[in-house]
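Each chain gets a letter, A, B and so on, in the order the sequences are listed, and its residues count up from 1.
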Amino acid sequence: NAGVTQTPKFRVLKTGQSMTLLCAQDMNHEYMYWYRQDPGMGLRLIHYSVGEGTTAKGEVPDGYNVSRLKKQNFLLGLESAAPSQTSVYFCASRSARGKAAYEQYFGPGTRLTVT
Amino acid sequence: AQSVTQLGSHVSVSEGALVLLRCNYSSSVPPYLFWYVQYPNQGLQLLLKYTSAATLVKGINGFEAEFKKSETSFHLTKPSAHMSDAAEYFCAVTEGGSQGNLIFGKGTKLSVKP
């Protein structure tokens with residue numbers, strides 16, 4: 001049981017390049033989230049999904065797109081990377097029901113640097 | 001809108017001393033509250049959560065937190081700090097509404113001196 005995994009762990013991009021971050025969970029969770037973490041800012045929600053085929057904007061969605069074609073995967077895309085998107089990105093998932101509802105499980109993170 | 005305030009971005013204690021990390025929230029509805037811990041270069045791990053049952057919540061690694069509605073607080077404590085407790089700690093509150101998204105505080109970095 002791997003929990004939440006993220007690919008890649010590290011990436012360096014040049015300004016204007018594009019990339020996709022992959023998040024996978026094997027807990028059959030309905031909800032999935034993408035956050036960015038910057039020093040002194042805590043975690044800020046980029047986009048989230050409440051189920052397969054659905055996505056919604058979070059607090060800081062500009063410059064990012066997401067897709068959830070399969071229940072276990074949640075992809076985060078940067079179409080044209082900017083230095084302001086240098087950050088650590090975390091994926092999380094949670095169940096929609098039961099005692100663990102609202103409890104989010106986090107992946108190990110992806111450290112992205114845009115030069 | 002809900003918000004979370006963590007007092008003190010850095011807290012330093014000696015090994016064996018009491019750990020107290022402060023969290024205050026604003027919420028118009030009864031919230032669910034969480035404390036997460038992040039060790040260097042790792043993801044966030046749940047320490048404990050309050051979900052409207054007992055107001056004193058016990059978590060992993062000897063941590064506990066008390067929900068005080070009158071003070072809108074959910075402070076995290078541990079009686080005796082260990083070197084392995086050095087990490088960053090995040091308080092979070094449910095956003096309200098049907099989605100149940102979490103709002104995170106900015107974090108408190110705990111240092112433990114030998």
Measure the [atom1]-[atom2] distance between [X] and [Y] for me, rounded to the nearest 0.5 Å.
{"X": "A/Gln37", "Y": "B/Lys106", "atom1": "CD", "atom2": "NZ", "result": "12.0 Å"}
{"X": "B/Leu46", "Y": "A/Tyr105", "atom1": "CG", "atom2": "OH", "result": "7.5 Å"}
{"X": "A/Gln104", "Y": "B/Phe34", "atom1": "CD", "atom2": "CZ", "result": "7.5 Å"}
{"X": "B/Leu102", "Y": "A/Leu45", "atom1": "CG", "atom2": "CG", "result": "9.0 Å"}

Applying the 4.5 Å side-chain criterion to the ILVMFWY set and letting contacts propagate, would [X] and [Y] be lumped into a single cluster?
{"X": "A/Phe74", "Y": "A/Tyr31", "value": "no"}
{"X": "A/Tyr64", "Y": "A/Val88", "value": "no"}
{"X": "A/Phe90", "Y": "A/Met32", "value": "no"}
{"X": "B/Tyr39", "Y": "B/Val112", "value": "yes"}
{"X": "B/Phe63", "Y": "B/Ile60", "value": "yes"}

Sub-4.5 Å side-chain heavy-atom contact between A/Arg111 and B/Asn41: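 Side chain of A/Arg111 against side chain of B/Asn41, heavy atoms only: contact under 4.5 Å found.
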Side chains of A/Leu43 and B/Phe90 in contact at under 4.5 Å (non-hydrogen atoms):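 Yes, side chains in contact.
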Segment of B/Gln6 engaging chain A (4.5 angstrom heavy-atom cut-off):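 It is neither, since no heavy atom gets under 4.5 Å.
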Side-chain (B/Tyr36) to main-chain (A/Phe106) donor-acceptor, under 3.5 angstrom: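 No; judged by distance alone, with no hydrogens or angles, the pair does not exist.
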Residues, nucleotides or ligands: over 12 heavy atoms within 6.0 Å of B/Lys109 NZ: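 Incorrect, the count does not exceed 12.
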Heavy-atom neighbours of B/Glu15 CD exceed 12 at 6.0 Å: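 Buried by this count: over 12 neighbours within 6.0 Å.
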Worked check of ring-ring contact (aromatic ring centres under 6.0 Å, His included) between B/Phe104 and A/Tyr35: CA-CA 11 Å; B/Phe104 285 85; A/Tyr35 294 92; 5.5 Å; yes
